[in-house]
Amino acid sequence: MTDTTSRLHGSGICLAIEEAEKLNLEPSDLYSGQFQFSRDSTPPIAEYLSVKIGERYLHHSASLDIVRIFAADTLCAILIGVALNAEGKLLAGDLKLDLKYDSDLHRKLEEIIAGFVGRFAVFTSTPSGQYVYTDTVGEMGVVFDRETGIVGSTLPIILYRPINERDDFLHIKVQKSLGQYSLGYTTDKSCWRLMPNHSLKLDTFEQARFWPTDNALMEPRRLNHDEIIDRIIALLRQNTVGFLEGKPCLMALSGGQDSRMLLAASRDKMHLAKMIFGTDFGWNSGRDCDAAEIIAERVGLSFKRITGNKPKRWGKRVFLARVGYAVNAGGTDSIKIYNKLPKDHLLIRGNVFGLTRANDWNPRKDSVANPSNVRFGMKRLKMGQAISDEIRPSDLKKRYLDWRNSLPDLCRENSLDFSFCENYLPNSLGARNYSHTNVTLVNPFADRRIIMLCLAIPPLERKHLLINEGILNKTAPDLADIPLSLIHISEPTRP
């Protein structure tokens, strides 16, 4: 592996430029909200801004915020994106830590990064070397090329050649929503995805787990059920209010439990949201909007229903170029609407946190009785038809076992939950987040403390919705009569 300048790669033109030319779009518009981290002082797109840390340069779209982090007046890290600190305050400008710039700084920075909540990546430079991190569930996707040493948001941003497709994946199945990448695999043979809760060391380009720590589950397991629910509510409120008070925000509301929990936990601050809305593409989503409208009215908030048609083929081509062919084009209908929302806002969402419901546990199979079952665990990677008996990576099982065994002993029995956070979300929602450029999606549930609190409750209890119902019973008893879905109501309440 060599970390050479982009001018030495292939044509010398970043693949993002070529993708933009094919679509007759400005590269800075097509790849708004993206970044590259390399030794090259020349940005991949001329309009990108640049800042140097250590021996490398962070080139980024002007739409991305950066936070410079100092220890002993020395720049030791740059955060790009949006993040709250452990106290729920938005990070902005320069952050000066009361820490020495010494050999212990790397470990202390990892402890601090583990407390951040949001959609972000962090690039560090300490006496221990240079490292890269992504957020809790990979909402800010990070990929890297082992051959060139370039790190960035998507394959078109880090490559100066065409994508060299792996021959052990059925890539068309990913693009048809029939499977996904996982365990760090990407479309390209030499490129990999940085996994959440892992660091990427830039002198070796190896990933290593830094969270959870050995004792991360010990304290939550000492709590009783009510104490766990109370702490989850407090953290959901802290994170939601932190985003609302820190930046202009929009709130997506449906008739489901997740967004209802976020609204209920922070209802006295929801007036700070610039818009509370739902998306209506037809029957089911329209009935969700009906329920959301009733909820908003009940708590004294205005609600906007946004309708739209699914994008045509050109829209899907733009989608695939932006995400670097890393994820299927499903969900492009909602993405089209996201790009109609007010620019430079955060979009708070609550419909992506399956841990409270133990989505990846199946009580009808042996996952609960035998959580170390390798066959079931590999199935929950959700690679689907992207692999087959004939076409699959030869090291797939080894990579899965290495990943699972990297978890501390106390956490390994929850490997299915960690797989949801580290293998499913980064390769679905995280990869897809680059496809819309007007808003930045943030998820108040994606807090490492909340994850540990959820995992302290056995999966069967979570599957019976004891967490969700516990939260709603405490925060929204006045909404209990509003069904989670209005699909079965004969007379719709649409205007």
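A salt bridge links Arg209 with Glu422: the closest approach of a Lys/Arg side-chain nitrogen to an acidic carboxylate oxygen falls below 4.0 angstrom. Salt-bridge annotation for Lys474 and Asp230: present, with a side-chain N of the basic residue lying under 4.0 Å from a carboxylate O of the acidic one. A salt bridge is defined here as a Lys NZ or Arg NE, NH1 or NH2 lying under 4.0 Å from an Asp or Glu carboxylate O, and Asp360 with Arg462 fails to meet this definition. Between Arg357 and Asp258 there is a salt bridge, since a side-chain N of the basic residue sits under 4.0 Å from a carboxylate O of the acidic one.
Aromatic ring centres of Tyr31 and Tyr48: separated by at least 6.0 Å.
With no hydrogens or angles considered, a side-chain donor-acceptor pair links Thr154 and Gln34 at under 3.5 Å. Between Glu19 and Tyr325, the side chains place a donor N or O and an acceptor N or O closer than 3.5 Å (distance only, hydrogens not considered). For the 3.5 Å distance criterion, the side chains of Asp203 and Gln130 fail to qualify, holding no donor opposite an acceptor. Side-chain atoms of Asn427 and Gln180 include no donor-acceptor pair closer than 3.5 Å. A side-chain N or O of Ser38 and one of Gln36 form a donor-acceptor pair less than 3.5 Å apart. Ser182 and Tyr424 share no donor-acceptor pair across their side chains, judged by distance under 3.5 Å alone. Asp268 and Ser266 share no donor-acceptor pair across their side chains, judged by distance under 3.5 Å alone. The closest side-chain donor-acceptor pair between Gln207 and Trp192, if any, does not fall under 3.5 angstrom.
In the displayed structure, Glu245 atom CD is contacted under 6.0 Å by more than 12 heavy atoms of other residues, nucleotides or ligands.
Heavy-atom minimum distance, Tyr434 versus Gly141: OH-O, 2.6 Å. Contact detail for Val122 and Ile113: the closest heavy-atom pair is CG1-CD1, 3.7 Å. Considering all non-hydrogen atoms of both residues, Ala326 and Tyr181 come closest at O-CD1, 3.4 Å. When all heavy atoms of Leu341 and Asn438 are compared, the pair lying nearest together is O-ND2, 2.8 Å.
Judged as a ring-ring contact (aromatic ring centres under 6.0 Å, His included), and not counting sequence neighbours, the contacts of Phe37 are Phe123. Partners of Asp409 by salt bridge (Lys or Arg N to Asp or Glu O under 4.0 Å), not counting sequence neighbours, listed by chain and number: Arg412. Legend: residues meeting salt bridge (Lys or Arg N to Asp or Glu O under 4.0 Å) with Lys343, ordered by chain and number and at least two apart, are absent. In this structure Asp344 satisfies the salt bridge (Lys or Arg N to Asp or Glu O under 4.0 Å) test with no other residue, sequence neighbours excluded. For the ring-ring contact (aromatic ring centres under 6.0 Å, His included) test, residues two or more places apart in sequence or in another chain that qualify with His436 are Tyr338. By the ring-ring contact (aromatic ring centres under 6.0 Å, His included) test, Phe303 is found to be paired with no residue, residues two or more places apart in sequence or in another chain being considered.
Among residue pairs with one or both ends in residues 212-223, those qualifying as side chain to side chain donor-acceptor pair (under 3.5 Å) are Thr213-Asn215, Glu219-Arg231, Arg221-Glu413; sequence neighbours excluded. Applying the ring pair (Phe, Tyr, Trp, His ring centres under 6.0 Å) definition to pairs two or more places apart or across chains, those involving residues 76-114 are His106-Tyr131. The list of side chain to side chain donor-acceptor pair (under 3.5 Å) pairs with a residue in residues 71-88, not counting sequence neighbours, is empty. Residue pairs meeting the salt bridge (Lys or Arg N to Asp or Glu O under 4.0 Å) criterion with at least one member in residues 189-198, sequence neighbours excluded, do not occur. Sorted by first and then second residue, the salt bridge (Lys or Arg N to Asp or Glu O under 4.0 Å) pairs with a member in residues 442-454 read Asp447-Arg449; sequence neighbours excluded. Pairs passing the side chain to side chain donor-acceptor pair (under 3.5 Å) check and including a residue from residues 58-69, sequence neighbours excluded, read Ser32-Ser63, Ser50-His59, Ser61-Ser63, Asp65-Lys247, Arg68-Asp94.
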* To do: Would you please test Asn433 and Ser435 for side-chain hydrogen bond (donor to acceptor under 3.5 Å, both in side chains) and show each step?
  => CA-CA 5 Å; Asn433 278 343; Ser435 61; over 6 Å; no

Exercise for review: Kindly determine whether Lys100 and Asp104 satisfy salt bridge (charged side-chain N to carboxylate O under 4.0 Å, His left out), including the steps that lead there.
Suggested key: CA-CA 8 Å; Lys100 295 180 180 179; Asp104 201 32; over 6 Å; no

With side-chain contact (heavy atoms from CB on, under 4.5 Å) as the test, would you mind laying out the steps for Leu91 and Leu84 before giving the verdict? CA-CA 6 Å; Leu91 297 176; Leu84 306 174; over 6 Å; no

Inset, instruction - Could you walk me through whether Arg349 and Glu139 pass salt bridge (charged side-chain N to carboxylate O under 4.0 Å, His left out), step by step? - result: CA-CA 12 Å; Arg349 62 179 182 181; Glu139 298 264 54; 2.7 Å; yes

Go through the steps to decide whether Asp145 and Arg161 satisfy the test salt bridge (charged side-chain N to carboxylate O under 4.0 Å, His left out), and finish with yes or no. CA-CA 12 Å; Asp145 186 343; Arg161 56 166 174 79; 3.7 Å; yes

| task | Test side-chain contact (heavy atoms from CB on, under 4.5 Å) on Leu472 and Arg260 and set out the steps. | result | CA-CA 8 Å; Leu472 290 172; Arg260 192 181 303 209; 4.0 Å; yes

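Counting heavy atoms from C-beta outward, Ile158 and Val151 have side chains that stay 4.5 Å or more apart. Ile457 places none of its side-chain heavy atoms less than 4.5 Å from the side chain of Thr356.
In this structure, Phe243 CZ and Leu272 CG are separated by 14.5 Å, a value rounded to the nearest 0.5 Å. Residue Ile53 holds its CD1 atom at 4.5 Å from CD1 of Ile78, rounded to the nearest 0.5 Å. With values rounded to the nearest 0.5 angstrom, Cys249 atom SG is found 9.0 Å from Met270 atom CE. Here Arg267 contributes atom CZ and Arg237 contributes atom CZ; the two are 11.0 Å apart, rounded to the nearest 0.5 Å. We find the CZ-OG distance between Arg404 and Ser415 to be 5.5 Å, quoted to the nearest 0.5 Å.
In this structure, Lys304 fails the cation-pi test against Phe277, since its NZ or CZ atom is not both closer than 6.0 Å to the six-membered ring centre and inside 45 degrees of the ring normal.
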